[in-house]
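Working notes, beginning with the structure itself.
Treat the numbers as computed from the prediction; the structure is a model and nothing was measured.
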Amino acid sequence: MSARGSAARELLTPLPSAERPLSILLLEDSPLDAQLVAAQLEEGGLPSTLECVPGRAAFVAALEKGKFDLILSDYNVPGFDGMSALEAAQAVCPDTPFLFVSGALGEDRAIELLKRGATDYVLKDRLERLGPSVRRALREAEGVRLRKRTEEALRRSEERYQLVAHASFDAIWDLDLQTDAMHWIGDATEEVFGFPLEEVGADAAWWRRHIHGEDRERVLAGLQRAFDSDEDRWQDEYRVLRKDGAYAYVAAQGSILRGASGKARRIVGAMRDITERRRAEEERQKLVHEAQARVEFEQQLIGIVSHDLRNPLGAILTGASLMLRRDDIQPWHAKAAARILSAAERATRMIRDLLDFTQARMGGGIPVQAAPCDFHALTLQVVEEARTAHPERTIQMEQAGDGQGTWDSDRMAQVLSNLLGNALKYSPETTPVRVESQGEPDAVVVHVRNGGDPIPPEMLPRIFEPLQRGTTVGRSERSIGLGLYIVRQLVLAHGGTVNAQSSAAEGTVFTVRLPRVPVRDTQ
């Protein structure tokens, strides 16, 4: 290609920063030459803001105050030579292209200037070369800046990588799957294996040999599966052999790098010693298993004892009932029999609660046998029984909406009885207890309200936990604190919810929401 064609191509090459005029510093003591330079730049399609300075002082001041895209300099300026100007510019802005535009410049001197860092030179009688030279200088400068930025980014990246490796508790590794070379980085490598970093093998075979024999096949197979799939991460836990002959548990994970075809080519990862964590976890599991075994034994014991107590209590209840039916019973005998009957009934309720508690804890919940029933009718039955047992109390009832649904009627009666008995027990005798059942489109909602002292705020979140009671009650009304726990278990077994709210102003209200399960057609 001809020199003229090359020059034409350079004239068409866009500027690196075509959005704005070039900022150019020109060292030139001749106003006429400065005008010629400006005209040549404009003719060459290089819009510029030209700051022309005639000597040393103005040149140095301009360098200190401004940032220029390009510096043009005459070589011979009174009291200031081109070499000094070049040195001054390199001290302040070494990355800015520096071109000499001079009337006379010998070949030896020009070569020396280029060696010292000048970008190019143009003779004043050949100013048509100025445009292409400026464009070339700008492209070269942009390339130099890009290379420096890239080198700086790589340097910072490598520095951060080394800092992370040394600061991390992980042994960093890099495995090349093409060569089987494995590079280890970081002080933690010695902590994991016990080997100084320089003694750790440089290939993956060394690592594979140090995997515990019982873990090796599993680990390598899992790694290969990750390579063969489209996954980009792998992780595992296994044992590695240390220099002292002991084994350490490690948690390893890696990021898989793949080629254009998707084939795994490299994996970079980290390995951490988790021996102490594994030992602590194994000890914790041992303690948990021991605690579970102890709890299961205690619950089995409670269940067995509670079950075996039902027979003698049944005999006591039967005997007391028969005594009260005798026409010739003496008053003091009747009073004693009534006390026996009341105590036996209370003991029976306690045993029932204990059996339900044991069933809930050991069997994953209390089983229910759902069947169609009328919840309003069930509520009325429980309220009537409570009125008979507590004639001195006022029990109000309100019902609305459809009460039909599918529930275990015996268990729901137990829920209502426990909530109503709880309300009667923990409220003054002079205050009423109110039971409200409301049918909604998809559920039935029951509210049991009572007055009296509110449940303490710190107790309210735990009110449905076993062995919890809201306030202290008299000796004759003692319970084992399982009633509300069983209420919650039975409601949950029906897919419902139960909650409690309590305040001095509003009293205490327990709310049960039960989903209305449609009755299936059995025909």
Side-chain angles (χ1 to χ4, degrees), residues 288 291 295 298-299 302 346 349-350 352-354 356-361 364-366 375 379 382-383 386-387 389-390 392-400 411-438 440 443-515:
V288 168
V295 168
E298 293 171 352
Q299 291 175 348
I302 291 173
R346 188 163 63 252
R349 289 194 297 272
M350 291 181 181
R352 182 197 63 191
D353 288 348
L354 281 172
D356 285 342
F357 171 72
T358 304
Q359 178 70 34
R361 285 300 181 92
I366 303 175
F375 201 88
T379 304
V382 172
V383 169
R387 285 171 174 167
H390 302 273
E392 76 285 359
R393 297 301 300 272
T394 299
I395 303 176
Q396 303 170 346
M397 188 174 64
E398 179 180 336
Q399 296 180 331
R411 289 302 192 177
M412 283 298 100
Q414 186 179 349
V415 167
L416 293 169
S417 180
N418 281 359
L419 291 176
L420 186 53
N422 191 74
L424 292 168
K425 184 186 303 182
Y426 292 104
S427 63
E429 291 186 359
T430 56
T431 62
V433 171
R434 185 174 181 81
V435 180
E436 304 165 359
S437 58
Q438 173 71 43
E440 296 183 352
V444 169
V445 180
V446 182
H447 303 287
V448 179
R449 306 176 186 272
N450 66 269
D453 295 334
I455 300 171
E458 67 276 8
M459 177 66 70
L460 198 58
R462 307 193 309 272
I463 197 68
F464 293 103
E465 296 178 7
L467 309 179
Q468 300 288 332
R469 288 190 292 270
T471 57
T472 304
V473 296
R475 176 179 296 272
S476 63
E477 295 297 331
R478 283 182 182 171
S479 69
I480 54 177
L482 294 176
L484 292 179
Y485 170 79
I486 292 169
V487 164
R488 183 172 184 271
Q489 294 300 312
L490 290 173
V491 171
L492 290 176
H494 284 81
T497 60
V498 58
N499 61 73
Q501 296 177 321
S502 188
S503 66
E506 301 295 333
T508 299
V509 56
F510 285 85
T511 301
V512 174
R513 177 178 292 273
L514 295 167

Identify the two heavy atoms, one from [X] and one from [Y], that lie closest to each other, and give their separation to 0.1 Å.
X    : Y    : result
L424 : R393 : O-NH1, 3.0 Å
N450 : S427 : ND2-CB, 3.7 Å
V498 : V491 : N-CG1, 4.2 Å
P454 : S502 : CA-OG, 3.1 Å
A423 : V433 : CB-CG1, 3.8 Å
A386 : I395 : CB-CD1, 3.7 Å

Got a second to check how far [X]'s [atom1] is from [Y]'s [atom2], nearest 0.5 Å?
X    : Y    : atom1 : atom2 : value
H447 : Q438 : NE2   : CD    : 8.0 Å
T508 : N422 : OG1   : CG    : 9.0 Å
I486 : N418 : CD1   : CG    : 6.5 Å
R488 : T497 : CZ    : OG1   : 10.0 Å
F510 : L484 : CZ    : CG    : 4.5 Å
L490 : Y485 : CG    : OH    : 10.5 Å

Next item on the list: Using the side chain to side chain contact (heavy atoms under 4.5 Å, CB included) rule, take H494 and V415 through it: C-alpha gap first, then chi angles, then the decisive distance, then the call.
Entry: CA-CA 11 Å; H494 284 81; V415 167; over 6 Å; no
Note to self: For E506, I'd like to know if atom CD has over 12 heavy atoms of other residues, nucleotides or ligands within 6.0 Å.
What the structure shows: no
